[in-house]
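Structure, as structure tokens:
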Number of protein chains: 2
Amino acid sequence: MSVGIRHDDLRRRNRAMVISAVRRAGQPSRTEIAATTGLSHSTISAISADLIQEGILTESKASGPTALKRGRPQIGLALNPEAAAVLTVVLSLNFLSVAVIDYAGQVVAEEQLRLDTLIMPRDELIGECLAIVRRRLQDPDLDVGSVARIAMGIQGITDSHSRAMLWSPITPLTDIPFADLLETEFGIPATMENDCNMMAVALQWRDPERYRDDFIAILLSHGIGMGLVLKGALFTGTHSSGGEFGHMIHRPGGALCRCGRRGCVEAYAGNYAIWRSAMGISEDAAPTDVGDADMRALAAKARIEEGPEREAYRRAGEALGFGLGSLFALIDPAPVAMVGVSAAAFDLIEPALRKAIAQTAGGQHSESISFDTEPNELPLIREGCAMRALTFVDQEIFAPAVQTRGGAGKNVA
Amino acid sequence: MSVGIRHDDLRRRNRAMVISAVRRAGQPSRTEIAATTGLSHSTISAISADLIQEGILTESKASGPTALKRGRPQIGLALNPEAAAVLTVVLSLNFLSVAVIDYAGQVVAEEQLRLDTLIMPRDELIGECLAIVRRRLQDPDLDVGSVARIAMGIQGITDSHSRAMLWSPITPLTDIPFADLLETEFGIPATMENDCNMMAVALQWRDPERYRDDFIAILLSHGIGMGLVLKGALFTGTHSSGGEFGHMIHRPGGALCRCGRRGCVEAYAGNYAIWRSAMGISEDAAPTDVGDADMRALAAKARIEEGPEREAYRRAGEALGFGLGSLFALIDPAPVAMVGVSAAAFDLIEPALRKAIAQTAGGQHSESISFDTEPNELPLIREGCAMRALTFVDQEIFAPAVQTRGGAGKNVA
DNA sequence: GGCTTTTTTTCGAGCCTCAAAAAAATAGTG
DNA sequence: CACTATTTTTTTGAGGCTCGAAAAAAAGCC
């Protein structure tokens, strides 16, 4: 609130601005950057000269389609892929995957692993995560020193400082400080990110037209999660990763939720809830994990004929609709992306969902609310982790106060 | 996202910082300001010299209790009350009040008026608002030129740009662009603020210890409103004032709400809802306005004996509790201030409210959530409007780019 | 080849902040 | 009362940063 802007901050921030403009735009010329940032050409010129000299940016002649114009051709600026690398770790139900990504955002190596997360003891789960990272870091093709950041994504609740997993549906274990464990083990700064938040980050990069300032990413899978972007920034709770849309209350005292409470949205719209309802199992029955194939079969049956399956999706849509309605009462309507296996059954969910929203405060503009679907969440989570790690590097490469790197530069004419 | 920091912004922002530090701290010395802002003494000295010379700040020797120390005594800096003035207009049910407030935040004049907002035609309602402002501005004791800002507060929904009232329970009229009307009429920049948002702003100034970064102000009155502060900043929706806590869904298809929909929190916890329930009137009955005195009598009766009155408050508490639970699922638990006439009956509401919260995701720390009550909302709303207007002036007095005022300063030795 | 157009770099000027030193103002002390 | 210690405030010179204007560079066009 009351922290002054120091003189050195200025350059630091404007450097960040230039890097961010390049990451966003692909291969912008200096002139384009000057236009988008509002800074003068001379400033951009000075900053980009520094950045090139430090090996962060590179000049690339190939401005491609713009080469047909009159005057001096623009010189595209691009991120130097070798400037750094980041590592992403995504841990989901029975599945662990790691990727090494260069500074320009290209995947240079990856590894995936099946494992039984639900029954693994603590040491083993942590051990597997560290081992897979170690294997990637020992890859002879990789310059270990260039790996500047690890971002780990996980289903469940993380703390607001992105340090630890507090709770997750993929394991009975709680409070695992993955970020600290990774940092200690490998000496590389790390964060622990919530899966749905990373989905939102990825969507923002994938389709900045649609997902710019305000939007919602909802994961429809075993559980119901949400990533929320408001005013262009990821929204997180004050203590946790926040945005636990799935545990808003749909019906007080209602169906039993995986979290042990009753009446949560998830207790009607999570895979297990749809399954429970379609199979005529009691709402008080303990949640069970349902495979993706079973869910697809359920959806197929619901599409063929009226019956308990279709009714289950209808109830899921209703729960999601009233939940979204309450959410929209708080933040006003915004574009929604439905992600995960049940997003593939959104055709079964949508009618009831829209009908419910229309009965809520958000319903004033219910027709104008648009939904997009993406059945596969894992690529999104990985992309989000990658971008999160890369933007961290973007803002870490120019160190605070003192000159950026060890002290290499600045002795040329 | 990608707007660069220009060189002149620096001074502008640091000036704002100094002014804000003075407004917050009362009479800080230059040294204290340097400490809180993190800027150097010389910078603070230069900026405060400018500000004093421009008549924005004044030196006040009376640093009072700190005069007993050794070295050179501190010189307190204070806001110059005559630097500017602002005007607040608060329109609530059957009541209109205006106050003139000097730059230091002291009320210098006020006027109040009873009127029948529910049945007034559009022209008349607007006319009364403009007339009461005109009377205050024509006060011979007031230098009209010094009035730099008008902030108007109203119950209901305003747009996210603080320009217009979109909907209000105090009148059947909708979409009145009060901010534009005031600006056109008086040539003074104006805003139209939501009442609950202003309550939150006022609480932040009244008790910054408790209400700092994250808290919730809930109005328990005819309707249920909320002002929400997250990460130190007022939270507003993307299109409207947002934070329509009262219209989150408590029971899908449930009791009839004043907004015409069913099952909103307000339909169980608004004055009319408590009254309806206590009197055994159907949940489908149209909401009626209940006077404060009637509500106090109802609460008194509920305190004496078990019965439908007590049950009505219990149901209100349950609705508020589940609503807060859903809210806490999204933003994590935070301190809550209950404001308005039914806040005086919070003793009747609290047990059921806590019981409900305990059944929700927010309930993990339900004991630690603390509630504060404040039965009278109008002073809070006025204070909030005043602070909003004043902080606007704080950041407008130093113009963009060019030197602050006409060009007076800077020809002294 | 000379001219036009557009991009990029260079250069001097103007500000801003900072650190250190100087000045100011008071309380203690003998 | 003179002098010292202490703390706050102002002054001063240095170093950086951005900006605007002008120069340089690198094409296409005739």
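Only a predicted model underlies this, so the values are computations on that prediction, with no experimental measurement involved. Below, read A as the first sequence line, B as the second, and so on, with proteins coming before strands; counting in each chain starts at 1.
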Choose from [options] the nucleotide whose nearest atom is closest to any side-chain atom of [X].
X     : options               : value
B:L10 : C:dC18, D:dT8, C:dC16 : C:dC16
A:S29 : D:dT9, C:dT8, C:dC16  : C:dT8
A:P73 : D:dT9, D:dA27, C:dT9  : D:dA27
B:L39 : D:dT18, C:dC18, D:dT8 : C:dC18
A:R30 : D:dT18, D:dT8, C:dT9  : C:dT9

| request: List in chain and number order the residues that pass side chain to side chain donor-acceptor pair (under 3.5 Å) with A:R149, two or more places apart in sequence or in another chain; answer none if no residue qualifies. | output: none
What is the distance, rounded to the nearest whole Å, between atom [atom1] of [X] and atom [atom2] of [N]?
X     : N      : atom1 : atom2 : value
B:D9  : C:dC15 : CG    : C1'   : 13 Å
A:E32 : C:dT7  : CD    : C1'   : 11 Å
B:R15 : C:dC15 : CZ    : C1'   : 14 Å
A:L77 : C:dT7  : CG    : P     : 13 Å
B:Q53 : D:dT10 : CD    : C1'   : 16 Å
B:I44 : C:dT17 : CD1   : P     : 9 Å
A:H41 : D:dA22 : NE2   : C1'   : 14 Å
A:I33 : C:dT8  : CD1   : C1'   : 12 Å

Ignoring backbone atoms, establish whether [X] has a side-chain N or O less than 4.0 Å from OP1 or OP2 of [N].
X     : N      : value
B:S40 : C:dA19 : no
B:R11 : C:dC16 : yes
A:N14 : D:dC17 : no
B:S45 : D:dT10 : yes
A:S42 : D:dT18 : no

| Rounded to the nearest 0.5 Å, how far does CD of A:E383 lie from CG of A:L380? | 6.0 Å
Without placing hydrogens or testing angles, list every side-chain donor-acceptor pair under 3.5 Å for residues 229-239 of chain B, not counting sequence neighbours.
residue : atom : partner : partner atom : Å
B:K231  : NZ   : A:T236  : O            : 3.0

| said: Between B:R212 and B:D207, does any NZ, NE, NH1 or NH2 come within less than 4.0 Å of an OD or OE carboxylate oxygen? | reply: no
| query | Do the side chain of A:R72 and the base of C:dT6 come within less than 3.5 angstrom through a donor-acceptor pair of N or O atoms? | reply | no
| task | May I have the step-by-step check of side-chain hydrogen bond (donor to acceptor under 3.5 Å, both in side chains) for B:S42 and B:S45, ending in yes or no? | result | CA-CA 5 Å; B:S42 27; B:S45 197; over 6 Å; no
